[in-house]
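Here the structure is a predicted model, which means the values were calculated and not measured.
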Amino acid sequence: MLLKTVLLLALASQVLVLENGLLRKPPMGWLAWERFRCNINCTEQPSPLPLTSEQLFMEMADRLAQDGWRDLGYVYLNIDDCWIGGRDAKGNLVPDRKRFPHGIAFLADYAHSLGLKLGIYEDLGNFTCMGYPGTTLDKVVQDAQTFAEWKVDMLKLDGCYSTPQERAEGYPKMAAALNATGRPIAFSCSWPAYEGGLPPKVNYTLLADICNLWRNFDDIQDSWRSVLSVLDWFVTHQDVLQPIAGPGHWNDPDMLLIGNFGLSFEQARAQMALWTVLAAPLFMSTDLRTISAQNMDILQNPLMIKINQDPLGIQGRRILKVLGYIEVYLRPLASEASAIVFFSRRMDMPYHYHSSLARLNFSSSVVYEAQDVYTGDIISGLQDKTNFTVIINPSGVVMWYLYPIRKLEIPQQ
């Protein structure tokens, strides 16, 4: 089995893939899948139609442009599965004509006219995960050209109905084909998720030269249990995952659930903070036409977005676990700043967590200031031995943006 894995990775490494220069910061936008899934029955849906349709994406584009999302960085409008109508006589992909009557190029033009970018979905197999025509190896170059002609800005390539050998050949081949079109198309790969997400089956050094972002683990579902399962996997394997993330190549723990049905207010704030400290792509998947002001505040938090988009692009990691249910996460940021997330897995009552910067391995020669990312409160004069207490709600977080304000002079011995 190990020999087979090595041979497949060798096959992949033979394909020359060029750096496309895209996604120097984690991408942000809106994705249809979690909220709207594969709604294709045009006759049974109530109005307004929550279909996987041109109308849906145009309405979400309007909301992204008009409700402040675009200006904060949420610029990708991403189609997921169930858009395909088949292939024409020449083998070119065509959208479902009932649900996308004007075609994908029209939708791309509409998104671009609003200052947005359009993402699209395909699958490296005979079929997509929902049974629509896939991109087999002989169609990779043709489909890449089609996406470029439609002026698509991102491709998510899934891996249902494909073999390990097809994936080892197909993902690098698609990356090269996208670059050969001459159009900048960001490339989101599901490859590692289909290989268990870990070495030796996954070569992350190779992957970073092929894909701009990649799914490592299971699909997220609209529940707190699912959020925790994703987080636990990322933490368990952070020594493998954390070093490979950075500008142009990101680990993707999947969509934000905020604004849907499965998370409480505290859990929604926790997912946003934890995904941000992990330098994750921020893809919302909710109905932007009806989202509450409370959930908009979470997703549109300017300081949170600043941290997520930090130019260093370093993925954070868990640095401490206390009593089995209190965890501390740290992400280094530009200008010697840091993001710290204090996270409670307790479900019953708030927890008073007592600590100091020294316990979190901060320098004794610096005085810091911290801003609470959610409340805006400022905590001044923090030194390494200054004791502090944060009150963390059940399934909740306290998040700090910590930055140095001056250095202390250390007496010479």
Side-chain angles (χ1 to χ4, degrees), residues 17-29 31 72-76 78 117 119 153-156 175 178-179 184-193 197 202-217 230-231 233-235 237-256 271-284 299 301-319 328-341 360-362 371 373 399-404:
V17 179
L18 301 177
E19 164 68 59
N20 62 16
L22 300 175
L23 301 193
R24 309 310 296 175
K25 299 177 181 180
M28 300 169 58
L31 179 61
L72 288 166
Y74 291 97
V75 297
Y76 280 97
N78 283 14
K117 299 181 179 183
D153 303 292
M154 179 184 288
L155 169 65
K156 174 186 173 183
L178 291 172
N179 285 334
I185 301 176
F187 190 26
S188 173
C189 303
S190 296
W191 187 8
V202 179
N203 182 337
Y204 277 106
T205 302
L206 171 65
L207 197 69
D209 290 332
I210 293 170
C211 310
N212 295 115
L213 64 157
W214 48 78
R215 287 285 311 286
N216 318 67
F217 187 57
V230 174
L231 178 66
W233 190 87
F234 269 74
V235 169
H237 304 295
Q238 63 183 9
D239 290 343
V240 172
L241 302 175
Q242 190 268 346
I244 199 61
H249 41 90
W250 309 99
N251 295 303
D252 182 3
D254 211 359
M255 296 163 282
L256 296 168
Q271 191 197 12
M272 188 69 178
L274 291 162
W275 262 229
T276 291
V277 86
L278 291 175
L282 299 182
F283 283 114
M284 308 176 289
L299 290 162
N301 183 305
L303 183 52
M304 185 75 73
I305 292 170
K306 175 184 175 179
I307 294 168
N308 178 266
Q309 298 288 287
D310 184 78
L312 294 184
I314 298 173
Q315 180 173 314
R317 57 192 293 135
R318 190 178 74 187
I319 60 170
V328 182
Y329 292 76
L330 174 69
R331 179 180 175 185
L333 304 173
S335 303
E336 301 181 41
S338 300
I340 305 175
V341 173
L360 305 181
N361 296 319
F362 279 86
Q371 182 175 355
V373 176
M399 186 173 185
W400 283 4
Y401 175 62
L402 186 79
Y403 46 94

Mind checking whether Gln315 and Val277 have side chains closer than 4.5 Å, heavy atoms only?
no
For a quick test of reading the model, state the closest non-hydrogen atom pair linking Met154 to Pro27 and the distance between them.
CE-CB, 4.1 Å
Phe187 to Ile210 - nearest heavy-atom pair and separation:
CD2-O, 3.4 Å
Which heavy-atom pair separates Leu155 from Ile185 by the least distance, and what is that distance?
N-CG2, 3.9 Å
For Asn78, side chain to side chain donor-acceptor pair (under 3.5 Å) partners two or more places apart:
none
Sub-4.5 Å side-chain heavy-atom contact between Val230 and Asp254:
no
Restricting to side chain to side chain contact (heavy atoms under 4.5 Å, CB included), what partner residues turn up for Ser190, sequence neighbours left out?
Lys156, Asp158, Tyr171, Tyr194, Arg215
Suppose we call two aromatic rings close when their centres sit under 6.0 Å apart. Are Tyr76 and Tyr74 close by that rule?
no
Among residues two or more places apart or on two chains, list those pairs meeting salt bridge (charged side-chain N to carboxylate O under 4.0 Å, His left out) that have a residue in residues 243-253.
none
With sequence neighbours excluded, residues passing salt bridge (charged side-chain N to carboxylate O under 4.0 Å, His left out) with Arg317:
Asp239
Donor-acceptor contact present, side-chain Tyr204 to main-chain Pro243, <3.5 Å:
no
CA sep, side-chain torsions, deciding dist, call: Trp233, Asn216, side chain to side chain contact (heavy atoms under 4.5 Å, CB included):
CA-CA 9 Å; Trp233 190 87; Asn216 318 67; 3.4 Å; yes
With sequence neighbours excluded, residues passing side chain to side chain donor-acceptor pair (under 3.5 Å) with Trp214
Asn251
Sorted by chain and number, sequence neighbours left out, side chain to side chain contact (heavy atoms under 4.5 Å, CB included) with Phe362 holds for Leu330, Ser338, Ile340, Leu357, Leu360, Tyr368, Leu402
If I take atom CG from residue Leu282 and atom OG1 from residue Thr276, how far apart are they, to the nearest 0.5 angstrom?
5.0 Å
Are side-chain heavy atoms of Trp400 and Val341 found at a separation under 4.5 Å?
no
In residues 301-312, what donor-acceptor pairs under 3.5 Å come from side-chain atoms, sequence neighbours left out?
unit_1	atom_1	unit_2	atom_2	d
Asn301	OD1	Leu303	N	3.1
Asn301	OD1	Met304	N	2.9
Asn301	ND2	Val373	O	2.9
Asn308	ND2	Ala280	O	2.9
Gln309	NE2	Pro26	O	2.8
Asp310	OD1	Ala334	N	3.0
Asp310	OD2	Leu312	N	3.1
Asp310	OD2	Ala334	N	3.2

Can you list everything that forms a ring-ring contact (aromatic ring centres under 6.0 Å, His included) with Tyr329? Sequence neighbours excluded, please.
none
Any chance you could lay out the side chain to side chain contact (heavy atoms under 4.5 Å, CB included) test for Arg318 and Gln238, step after step, and finish with the verdict?
CA-CA 8 Å; Arg318 190 178 74 187; Gln238 63 183 9; 3.9 Å; yes
Between Asn212 and Asn20, is the side chain to side chain contact (heavy atoms under 4.5 Å, CB included) condition met? List the steps.
CA-CA 9 Å; Asn212 295 115; Asn20 62 16; 2.9 Å; yes
Can you tell if the side chain of Met272 reaches within under 4.5 Å of the side chain of Leu299, non-hydrogen atoms only?
yes
Shortest non-hydrogen pair, Ala339 vs Met399, comes out as CB-CE, 4.2 Å
Within the distance-only criterion (no hydrogens, no angle test), does the side chain of Trp250 pair as donor or acceptor with the backbone N or O of Leu23 below 3.5 angstrom?
yes
Is a side-chain donor or acceptor of His249 paired with a backbone partner of Ile244 at a separation under 3.5 angstrom?
yes
Could you report the tightest heavy-atom contact between Trp275 and Pro281, atom names first, then the distance?
CD1-O, 4.2 Å
